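Okay, structure first, notes after.
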Amino acid sequence: MSRSSSLGGKSQRSGLILAKQLQASGITSTKVLEAIANCPRHLFVPEILAHKAYDNTALPIGQGQTISQPYIVARMTELILSDNNDQVLEVGTGSGYQTAILAQIFAKVFSVERIKSLQWQAKRRLRNLDLHNVSMKHGDGWKGWANKGPYKAIIVTAAPDDVPPQLLEQLDDGGKMIIPVGQDHQILRLITRNNNNFQQQMIEAVRFVPLVPGELL
Ligand code: SAH
């Protein structure tokens, strides 16, 4: 985030306090903690909820969707980091908060969202924060974004019943995907690809909105 867009005063302190709280909860990546500390989360929530923006909780963002809990954003991000952090595919842009964290760490972010109004708002927020290394697409993230891949990192922020095969195909050799899977009882899975072998590791129980097929205007 550029100097001109980083916020002084209260929100910067709030970001720092939130990052310290996440560190105490077990987040270890300095890159992730710095990105959280620098990101003005109050700009990613409805104005009426701005006073809760730096709480470690998910919040409604309209259209029946939510901005994810900061701890989960941080945890998912640190699990897909590698040595180069070249490019990442995100499915479920939502508010764009997770996107803003990724954009501070990865060279290039590709993000797919099925609800156009959310995508527009997210796009405006990122532009206002001078985060220009993000490409967005309105569409069904179930199918990924094939012609920009394969990706060394994929992050899915809505829960399917099962891992979409197209996302597995778009995962590069040695790449890592983090994805919540399930309906009532969802588990965060970390999938690592080695040639055509997909190793799956169960991380923790989570609660995401469902990954819905198709797109919406
Ligand atoms: N990371 C976001 C989470 C938003 S909630 C944030 O912190 O703000 C999940 C998002 O996934 C919603 O915006 C929802 O519209 C989107 N979504 C659900 N199914 C989708 C699909 N098939 N393709 C793309 N986006 C989808």
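Computation of the quantities below employed the complete heavy-atom set of this structure, encompassing side-chain atoms and omitting hydrogens, waters and symmetry-equivalent molecules. Whatever order the structure lists ligands and atoms in, that order sets their numbers, starting from 1. Everything numeric here is computed off the predicted structure, so don't read it as measured data.
Checking only distances, Ile115 never comes within under 3.5 Å of ligand 1, N or O to N or O.
Heavy-atom proximity to Val112, at under 4.0 Å, picks out these atoms of ligand 1: 24 (C), 25 (N). Applying the 4.0 Å criterion to heavy atoms of Gln98 picks out, from ligand 1, the atoms 1 (N). Counting atoms of ligand 1 from 1 in the listed order, those under 4.0 Å from a heavy atom of Thr66 are 3 (C), 4 (C), 5 (S), 6 (C), 8 (O). Near Ser68, with a cut-off below 4.0 Å to any heavy atom, the atoms of ligand 1 are 1 (N), 3 (C), 6 (C), 7 (O). Counting the atoms of ligand 1 from 1 in the order shown, those under 4.0 Å from a heavy atom of Ile67 are 6 (C), 7 (O), 8 (O).
Of the candidates Pro210, Pro164, Gly141, the one placing a heavy atom closest to atom 18 (C) of ligand 1 is Pro210. Closest heavy-atom approach to atom 16 (C) of ligand 1 within the set Glu113, Met76, Arg114, His138: this belongs to Glu113.
Within the 4.0 Å heavy-atom criterion, the part of Thr93 lying near ligand 1 is the backbone and not the side chain. Under 4.0 Å from ligand 1, the heavy atoms of Val209 that appear belong solely to its side chain. Contacts between Leu118 and ligand 1, counted as non-hydrogen atom pairs separated by less than 4.0 Å, involve the side chain only. Of the heavy atoms in Gln65, only side-chain atoms (C-beta onward) come closer than 4.0 Å to ligand 1.
Checked by atom type and distance alone, the side chain of Ser29 pairs as donor or acceptor with a backbone atom of Val32 at under 3.5 Å.
Gln63 and Ser117 form a side-chain donor-acceptor contact under 3.5 Å, judged by distance and modelled atom types alone.
More than 12 heavy-atom neighbours from other residues, nucleotides or ligands sit within 6.0 angstrom of NZ on Lys137.
For Ala122, the heavy-atom gap to ligand 1 stays at 4.0 angstrom or more. Residue contacts with ligand 1 include Gly139, since one or more of its heavy atoms lies under 4.0 Å from the ligand.
With sequence neighbours excluded, no residue forms a salt bridge (Lys or Arg N to Asp or Glu O under 4.0 Å) with Glu47. With sequence neighbours excluded, the residues that form a side-chain contact (heavy atoms from CB on, under 4.5 Å) with Gln121 are Leu118, Arg124, Arg125.
A cation-pi arrangement is not found for Lys148 relative to Tyr151, the charged atom failing to lie both closer than 6.0 Å to the ring centre and inside a 45° cone about the ring normal.
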